[in-house]
Amino acid sequence: MEKSSGKKNTAVLISGRGSNLRSLIKYSKTKKSLIKIVLVVSDNLNANGLNYANKSNINNIVIKYSSKKNFEDRLLKLLKRNNIDLICLAGFMKILSGKFIKKFNKNILNIHPSLLPKYKGLNTHNRAIQNKDKYSGATVHVVNKKLDSGKIILQKKVKILKSDSIKSLEKKVLKIEHKLYPKAIIRLLTNY
Ligand code: GRF
């Protein structure tokens, strides 16, 4: 498989909307990008993110999730065939097993809509508002076998206003996510 000018061959895994995928595609098209997105994988046939992959002519594949083992075996084969050096999870809703992470043996990143270690898992904005937190934010971290617990690469805060709803907070956090993910990739790949 062709490697373009030292850029890391990257696979993005999605399950839905794909706005982070869209921002990663945008970054990958910049001259200085350190990654080339060669593959988008979704576990959901109806994921809107697949449209962004198609628009940019990026090879995209839906792997139906019948069982974890079956899904991960097929995914690993695909990653090997495409010489993937880096996986970016972007709204991917399945948890990858320790076995898979070990077998892949290269970096896997995830973006999470909270200031980890606060609020691992789902409904982060709801929990931050319920707890009357002053700040929320987003985190990019390395994926390990414990959910949302790997090494933190980069975080950014946003203020939670009294007037914020779950929706408005989600919107604010998503906006910073789109800038944070490319920055975190640069940090990871340049040790900066
Ligand atoms: C983002 O909030 C991300 O942090 C979380 O899932 C959401 C995905 O959104 N892991 P999108 O599909 O990238 O628009």
Side-chain angles (χ1 to χ4, degrees), residues 10-29 33 35 37 39-56 58 60-63 65 71 75 86-97 100-101 107-131 133 135-160 164-188:
T10 300
V12 184
L13 270 57
I14 61 167
S15 296
R17 181 176 50 196
S19 69
N20 278 289
L21 168 64
R22 188 180 49 190
S23 90
L24 290 177
I25 293 174
K26 196 170 159 205
Y27 163 66
S28 75
K29 287 180 177 171
S33 163
I35 62 165
I37 301 176
L39 184 66
V40 170
V41 180
S42 171
D43 63 328
N44 170 15
L45 179 66
N46 299 314
N48 176 59
L50 292 169
N51 296 321
Y52 299 129
N54 281 328
K55 263 191 214 151
S56 291
I58 298 170
N60 59 91
I61 286 162
V62 177
I63 304 181
Y65 200 93
F71 180 88
L75 179 58
L86 171 70
I87 298 175
C88 294
L89 306 183
F92 179 66
M93 298 305 286
K94 298 288 190 301
I95 296 169
L96 296 169
S97 71
F100 172 89
I101 295 166
N107 281 311
I108 307 177
L109 290 180
N110 181 41
I111 187 154
H112 184 76
S114 79
L115 294 172
L116 289 173
K118 260 193 160 178
Y119 311 132
K120 297 171 183 175
L122 298 174
N123 303 319
T124 56
H125 306 305
N126 191 7
R127 289 190 275 162
I129 287 175
Q130 288 293 319
N131 286 338
D133 290 353
Y135 293 93
S136 184
T139 305
V140 176
H141 65 92
V142 172
V143 173
N144 66 13
K145 62 180 178 187
K146 277 180 94 186
L147 181 69
D148 299 328
S149 298
K151 184 181 169 202
I152 291 173
I153 304 294
L154 214 55
Q155 275 185 324
K156 191 162 168 68
K157 276 187 194 174
V158 291
K159 231 183 175 152
I160 303 179
D164 267 323
S165 62
I166 297 174
K167 261 220 156 125
S168 69
L169 182 58
E170 184 193 350
K171 208 170 156 193
K172 269 201 278 194
V173 172
L174 205 56
K175 205 169 160 197
I176 61 167
E177 287 185 35
H178 297 157
K179 291 197 181 131
L180 196 68
Y181 216 160
K183 276 192 186 157
I185 290 172
I186 295 167
R187 174 167 277 198
L188 175 86

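Indexing begins at 1, ligand by ligand and atom by atom, following the structure's order.
Looking from atom 6 (O) of ligand 1 to the surrounding protein, the closest heavy atom is G91 CA, 3.6 Å. In terms of protein heavy-atom proximity, atom 7 (C) of ligand 1 is closest to R17 NH2, 4.1 Å. Considering only non-hydrogen protein atoms, atom 2 (O) of ligand 1 sits nearest to E177 OE2, 2.9 Å. Among protein heavy atoms, atom 10 (N) of ligand 1 sits closest to I111 O, 2.9 Å.
Using a 4.0 Å cut-off to heavy atoms of P113, the atoms of ligand 1 that qualify are 2 (O), 4 (O), 5 (C).
A cation-pi arrangement is absent between K94 and F71, since the terminal nitrogen or guanidinium carbon is not both under 6.0 Å from the aromatic centre and inside a 45° cone about the axis.
L180 and T139 get closest at one heavy-atom pair: CD2-N, 4.1 Å.
By the criterion of a heavy-atom distance under 4.0 Å, neither the backbone nor the side chain of E170 is placed next to ligand 1.
Between H141 and H112, the ring-plane angle classifies as perpendicular under the 30° and 60° cut-offs.
The neighbour count for K183 NZ, taken as heavy atoms of other residues, nucleotides or ligands under 6.0 Å away, does not exceed 12.
Inspection of the D43 and S15 side chains reveals an N or O donor paired with an N or O acceptor under 3.5 Å. Residues K120 and S149 have side chains that bring a donor and an acceptor to within less than 3.5 angstrom of each other.
Heavy atoms of G18 approach ligand 1 to within less than 4.0 angstrom.
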